[in-house]
**Student:** 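Next up is a structure, given as structure tokens.
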Amino acid sequence: MFDSVRVRLTVWYVGVLAVVLAVFSTVLYVMVARSLYDDLDDDLRLSLKMVTVKLVKELGENRPERQAALDAVNELSTREAVAVFNSSGALVAEQPAQGDIHAHLPAANTVPPSDVYLGTEKLRVGREQVSRRVAAEQINVNTQDAPYTLVVSESFDTVEDGLGAIRDLLYIAIPGALLISGMGGWFLTRQSLASVLAMSERARRISAENLEQRLPVINPRDELGRLAATFNELLSRLDESFSYQRRFMADASHELRTPLSVMRTATGVTLEREGRTEGEYRDALKIIDEQARRLSHIVEDMFTLARSDVGRQALRQSDFYLDELIMEVARAGEVLASHKGVEISVAPAAETPFHGDEGLLRQMLLNLLDNSVKHTPAGGSVSVRLERANGHHAITVSDTGAGIPVEAQSKIFERFYRVDKARSRAEAAHGATSGAGLGLSIARWIAEAHGGQLILKSSGETGSTFVAMLPVNCEF
Ligand code: ADP
């Protein structure tokens, strides 16, 4: 039963309220009781005063002692038992309460000579023991006379009636309040948990196949609404990453299919007829070799991208000089460039120590240089420059190629994106070193994994300029 949040919340709610009500009622009860007992004592003091005034007045008028005392005791209501004793303790006059209860002289020496004695005494009335509040005082009518003792007593009935009424009220009010609040709590928790139940019901039905579904958000401003919204954001991110993975798989298989089908066609056509010449076999093997290279290039790129998904942990860091790395990559690029009739120039740069993954940065530079050479016609040039600007190492690769169409410029860093897919595949089929549209996305990831960035600074009819910015992180 306590496994239900609803039951637990209601029990807590009622429990806390019960404790608060118990403390509050106890404090209230004690305060009212004290005040009622104080009122009773005040009443008795007042009665003593009234009897004293009357007695003093009557004796002052030289009335006989007994008559004066009788007149004085008759001043009070019949609720109070009152008695006047003379100095030797003999009863002079009395008025019993309820016709039977007498006010006795309190135990000897307990009445102080100049103060009011207040105490609770047990009296026997018939067969019963009753408790009564007693007030006594010694009074001197004039200084020569020995003192009289006045005793007034009253029952606790009024106090007990008052307290009994309060107790009756609390006995009904507290359980009533707990019952109402318990029912209210039960209803409120049902209302608030309804959205949780709806959310869990919907969440149970969401799987990889229907990740576009979202949890219901009943009130977006309350905690549960915010929880649902956060969960929906998580679902959106998962949905995005799932569809990204699906797209990636589709694109990857598409890219792998082209070289494979070229290879199968080459082998099929060659083997179709017997008695081929060595030259024909060589041509077929050449096509297969080129396509195999292309395949391994794509697989390597995909492997690098898989590393990119692991993030920075994938880096194998060491200290090296960026300017030396650029020279080395430019020399490697010159082989392809001179073949095409494109000139590569590297601007002189200062010694630039750097801490990072040398292999990955080499790949980034090779991709940029390779693209520039590939898209620059014979007679054109590619220049590489390394500078320090605003706390960054800026590596600029510019070419004098035909540039990238404006509508494609924002997409070239996406995985598998190529400006002219048809042309690229046709080139690929004929053995050109065109990539699968992964080069720039890999290059950008490498720059970002080093805390830097890669941007296309400009591109137009006169050529394109890419800038890779890497943080200054080493001064050895
Ligand atoms: P790939 O590996 O197929 O070259 P990239 O991701 O490196 O793919 O490049 C994406 C697209 O950007 C390419 O299809 C290419 O047309 C275009 N591109 C990249 N660099 C240049 C450049 N320097 N000049 C013109 N076009 C470029």
Side-chain angles (χ1 to χ4, degrees), residues 244 247-248 251-252 254-259 262 290-291 293-306 308 329-330 332-334 336-337 340-346 360-385 395-449 453-468:
Y244 179 78
R247 245 185 1 253
F248 186 81
D251 288 343
H254 197 79
E255 288 305 325
L256 293 173
R257 220 162 39 200
T258 313
V262 172
E290 275 163 2
Q291 295 306 317
R293 269 172 212 269
R294 183 168 153 72
L295 267 182
S296 57
H297 186 70
I298 295 174
V299 169
E300 241 163 63
D301 276 357
M302 284 169 63
F303 181 68
T304 311
L305 278 175
S308 79
V329 173
E334 257 160 23
L336 178 68
K340 256 197 96 177
V342 173
E343 191 200 329
I344 293 186
S345 64
V346 180
L360 284 180
L361 285 169
R362 182 181 292 115
Q363 190 177 348
M364 177 186 86
L365 292 168
L366 263 176
N367 287 358
L368 290 175
L369 214 59
D370 187 49
N371 276 345
S372 293
V373 172
K374 234 167 26 189
H375 297 283
T376 303
S381 66
V382 174
S383 66
V384 186
R385 208 168 52 245
I395 305 168
T396 311
V397 179
S398 316
D399 60 51
T400 56
I404 303 164
V406 181
E407 66 280 5
Q409 289 181 7
S410 59
K411 299 189 188 135
I412 52 170
F413 291 99
E414 287 173 14
R415 293 177 181 186
F416 293 109
Y417 181 80
R418 282 181 311 221
V419 171
D420 182 354
K421 284 206 171 193
R423 196 196 63 204
S424 298
R425 285 224 185 86
E427 283 172 356
H430 292 103
T433 51
S434 167
L438 295 175
L440 282 179
S441 67
I442 289 177
R444 175 168 267 186
W445 164 67
I446 294 171
E448 286 172 356
Q453 50 175 321
L454 171 64
I455 54 163
L456 170 65
K457 195 175 169 204
S458 65
S459 187
E461 282 172 9
T462 52
S464 312
T465 301
F466 286 87
V467 182

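All values reported here derive from a predicted model rather than from experimental measurement. Indexing begins at 1, ligand by ligand and atom by atom, following the structure's order.
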**Student:** With respect to atom 15 (C) of ligand 1, which of R444, E414, H375 exhibits the smallest heavy-atom separation?
**Tutor:** H375
**Student:** Answer yes or no: does an N/O atom from R418 fall short of 3.5 Å to an N/O atom of ligand 1?
**Tutor:** no
**Student:** Under the criterion side-chain contact (heavy atoms from CB on, under 4.5 Å), I'd like the reasoning laid out for L438 against F416: C-alpha separation, chi angles, the key distance, then a yes or no.
**Tutor:** CA-CA 5 Å; L438 295 175; F416 293 109; 3.9 Å; yes
**Student:** Please work out whether any backbone atom (N, CA, C, O) or any side-chain heavy atom from C-beta onward of A436 is under 4.0 Å from ligand 1, and answer side chain, backbone, both or neither.
**Tutor:** backbone
**Student:** Based purely on interatomic distance, does I404 place a nitrogen or oxygen under 3.5 Å from a nitrogen or oxygen of ligand 1?
**Tutor:** no
**Student:** Please check whether G403 reaches ligand 1 - meaning an N/O of the residue sits under 3.5 Å from an N/O of the ligand, judged on distance alone.
**Tutor:** no
**Student:** Using a 4.0 Å cut-off to any heavy atom of S464, which atoms of ligand 1 qualify?
**Tutor:** 24 (N)
**Student:** NZ of K340: more than 12 outside heavy atoms within 6.0 angstrom?
**Tutor:** yes
**Student:** I'd like to know whether L360 forms a side-chain contact (heavy atoms from CB on, under 4.5 Å) with T304, so could you lay out the CA-CA distance, the side-chain angles of the two residues, the decisive distance to 0.1 Å, and finally the verdict.
**Tutor:** CA-CA 9 Å; L360 284 180; T304 311; 4.1 Å; yes
**Student:** Can you list the atoms of ligand 1 that are under 4.0 Å from a heavy atom of Y417?
**Tutor:** 10 (C), 11 (C)
**Student:** When you look for heavy atoms under 4.0 Å from ligand 1, do you find them on the side chain of T376, its backbone, both, or neither?
**Tutor:** neither
**Student:** Can you name the one residue among L456, L368, N367 that meets side chain to side chain contact (heavy atoms under 4.5 Å, CB included) with L440?
**Tutor:** L368
**Student:** Does ligand 1 have any atom sitting under 4.0 Å from a heavy atom of G401?
**Tutor:** no
**Student:** For E255 and R294, run salt bridge (charged side-chain N to carboxylate O under 4.0 Å, His left out): C-alpha distance rounded to whole Å, both residues' side-chain angles, the deciding distance at 0.1 Å, then the answer.
**Tutor:** CA-CA 10 Å; E255 288 305 325; R294 183 168 153 72; 3.7 Å; yes
**Student:** Within the structure, does F466 bring an N/O atom to less than 3.5 angstrom of an N/O atom in ligand 1?
**Tutor:** no
**Student:** Sequence neighbours left out, what passes side-chain contact (heavy atoms from CB on, under 4.5 Å) with L256? Give chain and number order.
**Tutor:** L295, I298, V299
**Student:** Identify which of I298, N371, L456, I442 has a heavy atom lying nearest to atom 7 (O) of ligand 1.
**Tutor:** N371
**Student:** Determine, for R247 against E414, whether the closest basic-nitrogen to carboxylate-oxygen distance falls under 4.0 angstrom.
**Tutor:** no
**Student:** After noting the C-alpha distance and the side-chain angles of R415 and D251, does the key distance pass the side-chain contact (heavy atoms from CB on, under 4.5 Å) rule?
**Tutor:** CA-CA 9 Å; R415 293 177 181 186; D251 288 343; over 6 Å; no
**Student:** Mind checking what makes side-chain contact (heavy atoms from CB on, under 4.5 Å) contact with T400, not counting sequence neighbours?
**Tutor:** T376, S381
**Student:** Just to check, does D399 reach to within less than 4.0 Å of ligand 1 when the distance is taken from its heavy atoms?
**Tutor:** yes
**Student:** Heavy-atom contacts with K374 under 4.0 Å: which atoms of ligand 1 show up? List them by number with element.
**Tutor:** 4 (O)
